[in-house]
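Below is one structure, written out as structure tokens, with a few remarks after it.
As the structure lists them, so they are numbered: ligands from 1, and atoms in each ligand from 1. Values below: all heavy atoms of this structure, side chains included; hydrogens, waters and symmetry mates excluded.
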Amino acid sequence: MRDLSAELARRQAGHLYRRRRISESPQGPAMRIDGRECLSFCSNDYLGLANHPAVVEAARQGLARWGVGSGAAHLVNGHSAAHHALEEELADFAGTQRALLFSTGYMANLGVIGALLGRGDRLFADRLDHASLLDGAAYSGARLQRYAHAEPADLERLLQQAPAGGRLVATDGVFSMDGDLAPLPELQQLARIHDAWLLVDDAHGFGVLGEQGRGVLEHFAVETDLPVMVGTLGKAFGTSGAFVAGSEDLIEFLIQSARTYIYTTAAPAALAEATRESLRRVRSETWRREKLRALIARFRAGAQQLGLNLAPSMTPIQPVHVGTAADALRIGEALEQQGLLVPAIRPPTVPEGTARLRVTLSAAHSEQQVDRLLDGFAHATTR
Ligand SMILES: *Cc1c(COP(=O)(O)O)cnc(C)c1O
């Protein structure tokens, strides 16, 4: 048996030990965490919907109508009219024939990859893809081939060398640690030429990018005939869960064969009701995206004035590069002492020498709060 306590001690010695903070308030800019008031710049609640009164009320009414538990898997009798309506509304919003709900984004990615690929097939993944896409290779039995981050030429080389067999190219739409975008038009063209599926996981772009919030596909105007889109509901939508959008055949095929869809209890119907309300707001309240864009611009302008090393990101994910892991920890702690919560991201999560403070912004932040963050950086970086 493995000596777990020795492994834990090793992690502690290597500064790799992870601890959870305990929050005592709903998600939002001002929170009470580990007994202290703080201003949070680390959530994925990009549009400020996680604790929106109308979304909360929709969940409450959903509970009154549907109770708490769905009681069964979708293929047994857990698939409610609320789930079904949400799927139709998501497909309409995404501009695809159908959409299928999963309980989490992690399960959606495993489910799709496992349904489309098997032993002898290949999964081509960007080096910086989310863990759930990479894990899809091991889960499906397909061979994983990683291409250099956002480098279509490297993907092309791998596709040209690959023997015949099933192929799927999987990419994040917005990369979660860097905030940059996948080169979708080029990836789409390569996938087409080399007869590969293209899966775009737009967890961080859906609801945020594009005039209407339809994500990275709308941003690049490539939504037509994208084979597989994955969107998550726990980020900009402020609720929980995920969906796959695509053709009639793709969705029917997933219902028949995606194991992470079939062998799990349907999420509560009340949650689907809450997400329906949040989708209405994502669609109609364009001011949330406009405000978010203005806050991003304000943060970037202020950070540039301070001489901070910003990444080229137009999204709410705004990493500030600081060099070494020790620098990141020191600045993160100095920010925390000022009541500002910004996670320090260090190797091995990111490449050596690219340790960073990962700022995420939300439409729920105010201009004053962004200015407080900038002041905090000014203090934290001048010792
Ligand atoms: C957050 C995230 C996921 C996982 O989604 P959950 O619903 O939280 O399981 C998948 N892919 C990407 C790119 C993500 O950022």
Side-chain angles (χ1 to χ4, degrees), residues 20 27 42-47 49-50 83 86-87 90 94 99-114 123-140 144 146 149-150 168-184 187 198-209 214-217 219 226 228-245 254 258-261 264-268 271-272 274-275 278-279 282 311 313 315-319 343 345 349-350 358-362:
R20 300 169 300 170
Q27 189 57 254
C42 55
S43 92
N44 306 311
D45 180 25
Y46 301 126
L47 298 180
L49 292 170
H83 293 114
L86 174 58
E87 287 182 343
L90 285 168
L100 187 69
L101 288 171
F102 283 76
S103 295
T104 70
Y106 195 107
M107 288 168 72
N109 284 336
L110 286 192
V112 181
I113 294 169
L123 174 70
F124 300 89
D126 187 293
R127 278 210 169 275
L128 298 189
D129 270 353
H130 190 263
S132 56
L133 292 171
L134 304 176
D135 291 357
Y139 175 74
S140 66
L144 175 63
R146 299 172 83 177
H149 174 54
L168 187 149
V169 176
T171 184
D172 287 18
V174 174
F175 289 90
S176 54
M177 290 299 139
D178 292 67
D180 59 335
L181 308 185
L184 276 195
L187 296 183
L198 176 61
L199 183 166
V200 176
D201 170 359
D202 204 17
H204 292 280
F206 196 65
V208 171
L209 294 177
R214 285 184 292 120
V216 71
L217 304 177
H219 173 82
L226 178 89
V228 189
M229 178 193 161
V230 175
T232 64
L233 303 169
K235 290 171 180 156
F237 277 67
T239 59
S240 187
F243 67 95
V244 176
L254 293 177
R259 298 172 65 85
T260 60
Y261 181 77
T264 197
T265 301
L271 180 62
T275 304
S278 109
L279 174 58
V282 167
S313 161
T315 68
I317 300 169
Q318 291 289 329
I345 312 279
T349 306
V350 293
R358 180 176 179 271
V359 170
T360 55
L361 297 168
S362 163

Return the closest protein heavy atom for [atom] as residue, atom name and distance.
atom	value
atom 12 (C) of ligand 1	Asp201 OD2, 3.2 Å
atom 1 (C) of ligand 1	Lys235 NZ, 1.5 Å
atom 6 (P) of ligand 1	Gly105 N, 3.3 Å

Mark up the atoms of ligand 1 that fall under 4.0 Å of a heavy atom belonging to [X], in ascending order.
X	value
Asp172	13 (C)
Thr104	7 (O), 9 (O)
Ala203	2 (C), 11 (N), 12 (C), 13 (C), 14 (C), 15 (O)
His130	2 (C), 3 (C), 4 (C), 10 (C), 11 (N), 12 (C), 13 (C), 14 (C), 15 (O)
His204	15 (O)

- Report yes or no: does Ser132 have a heavy atom closer than 4.0 Å to ligand 1?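 Contact present.
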- Item | Asp180 and His149, any side-chain heavy atoms less than 4.5 Å apart |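 The answer is yes; the side chains approach within 4.5 Å.
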- Under 3.5 Å between some N or O of ligand 1 and some N or O of Thr232?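 Thr232 vs ligand 1: no N/O contact under 3.5 Å.
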- Listed partners of Tyr139 passing side chain to side chain donor-acceptor pair (under 3.5 Å), at least two apart: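 Counting only residues at least two positions away or on another chain, Tyr139 forms no side chain to side chain donor-acceptor pair (under 3.5 Å).
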- atom 8 (O) of ligand 1: any protein heavy atom closer than 4.0 Å: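 When distances to the protein are checked, atom 8 (O) of ligand 1 has no heavy atom within 4.0 Å.
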- Query: Side chain of Asp45, backbone of Ala50: donor and acceptor closer than 3.5 Å?
  - Reply: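 It does hold such a pair.
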- Query: Just by distance, do the side chain of Thr264 and the backbone of Tyr261 share a donor-acceptor pair under 3.5 Å?
  - Reply: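 No, the answer is negative, given that no donor and acceptor are paired below the 3.5 Å cut-off.
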- Task: Assess whether side-chain contact (heavy atoms from CB on, under 4.5 Å) is satisfied between Leu49 and Val282, documenting all intermediate values.
- Result: CA-CA 9 Å; Leu49 292 170; Val282 167; 3.8 Å; yes
- Item | Non-hydrogen atoms of Leu184 and Val216 that approach each other most closely |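 Nearest heavy atoms, Leu184 then Val216: CD1-CG1, 3.7 Å.
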- Message: List the residues meeting ring-ring contact (aromatic ring centres under 6.0 Å, His included) with Phe206, not counting sequence neighbours, and say none if there are none.
- Response: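 Phe206 satisfies ring-ring contact (aromatic ring centres under 6.0 Å, His included) with Phe93, Phe237, Phe243 only.
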- Query: Between His204 and Tyr46, is any side-chain donor less than 3.5 angstrom from a side-chain acceptor?
  - Reply: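 There is such a pair between these side chains.
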